[in-house]
Amino acid sequence: MKNIVVLVSGGGTNLQALIDAQESGIISQGKITCVISSKPGVYALERAEKHNIRTRVIARKEYSDSVEYSKAILSALDEEKADLVIYAGFMTILDELVVKAYPNKMMNVHPALIPSFCGKGYYGLRVHEEALKKGVKLTGATVHFVTEVCDGGPIILQKAVAVENGDTPEALQKRVMEQAEWKILPQAAALFCEDRLEVKDNIVYIKD
Ligand code: GAR
């Protein structure tokens, strides 16, 4: 059984999708043992507590810079003996010292089809605002391994979602979450926990 640690910063709907997938047996070979938030008081923490999952707050604002913050996150992940670390709406970019300690063991969900609308500055609603500004007809979500390149790691799963006439950023965000993020993030976690993901030359292969 793999030990899953989830990193959050906000509402935690992706965390909820992971909890639901664990409870329904979609994730059968892994268990969420700890949720770590970069902000105190966020709803994701309540979601975890309701399901008796241990929570920790490591507040970004209490650290002077990204390296000091990353060291605190790394020591927490080591203490928790994480096999898989999932960024589920985690809005802080960590220093490469964390990524190097967990190569191909950290995954992130991003609300667009990478390599579109990704990288530094593209997070949350901002991603959907940019997609609407560009007038794309298809967007979606991507789950990828985290590397030192922001949103640049090997792609695990993607799902496309149609943009509709009259979409607001909020409406598009909701559709992308419902139709893509909440499905592919649990699927990717399940595949990892079943040892079915193999990375060769930055490409992810899914084993039968
Ligand atoms: C999600 O849409 C997630 O993909 C996005 O923030 C939202 C968090 O919602 N993440 C990023 O933009 C990361 N670059 P949640 O807290 O309800 O899961």
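No hydrogens, no waters, no symmetry mates; every other heavy atom, side chains included, goes into these values. Just so you know, these numbers come straight off a predicted model, no measurement behind them. All ligand and atom numbering here is 1-based and tracks the order in the structure.
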Distance under 4.0 Å to a non-hydrogen atom of G124: what atoms of ligand 1 satisfy this?
11 (C), 12 (O)
For N108, is at least one N or O under 3.5 Å away from an N or O on ligand 1?
no
With heavy atoms and a 4.0 Å threshold, my read on which part of Y87 contacts ligand 1 is neither
Charged N-O contact under 4.0 Å between K2 and D195
yes
Which residue owns the protein heavy atom closest to atom 9 (O) of ligand 1, what's the atom, and how far is it?
M177 CE, 3.4 Å
Do ligand 1 and Y123 have nitrogen or oxygen atoms that lie under 3.5 Å from each other?
no
So that I can tick it off, tell me whether R175 and E164 are bridged by a salt bridge, with the cut-off set at under 4.0 angstrom between side-chain N and carboxylate O.
yes
Within 4.0 Å of some non-hydrogen atom of Y122, the atoms of ligand 1 are 14 (N)
Could you check atom 14 (N) of ligand 1 against the protein and tell me its nearest heavy-atom contact, residue, atom and distance included?
H110 ND1, 3.5 Å
Any V109 heavy atom less than 4.0 Å to ligand 1
yes
Ionic contact status for D151 with K120, cut-off 4.0 Å:
no
Taking all atoms of both residues into account, what is the closest heavy-atom pair of A141 and V176, and its distance?
CB-CG1, 4.2 Å
G89 heavy atoms within 4.0 Å reach ligand 1 at atoms 8 (C)
For atom 6 (O) of ligand 1, the closest protein heavy atom turns out to be M91 CE, 3.1 Å
Please indicate whether any nitrogen or oxygen in E181 is less than 3.5 Å from any nitrogen or oxygen in ligand 1.
yes
In terms of its nearest heavy atom to atom 16 (O) of ligand 1, the top option of S9, G12, A88 is G12
NZ/NE/NH1/NH2 to OD/OE distance under 4.0 Å, E130 and K134:
no
Under 4.0 Å between a side-chain nitrogen and a carboxylate oxygen: does that hold for K133 and E129?
no
Taking the six-membered ring of Y63 (Phe, Tyr or Trp), confirm whether the NZ or CZ of R60 is under 6.0 Å from its centre and within 45° of its axis.
no
Under a 4.0 Å N-O cut-off, is there an ion pair linking R56 with E80?
yes
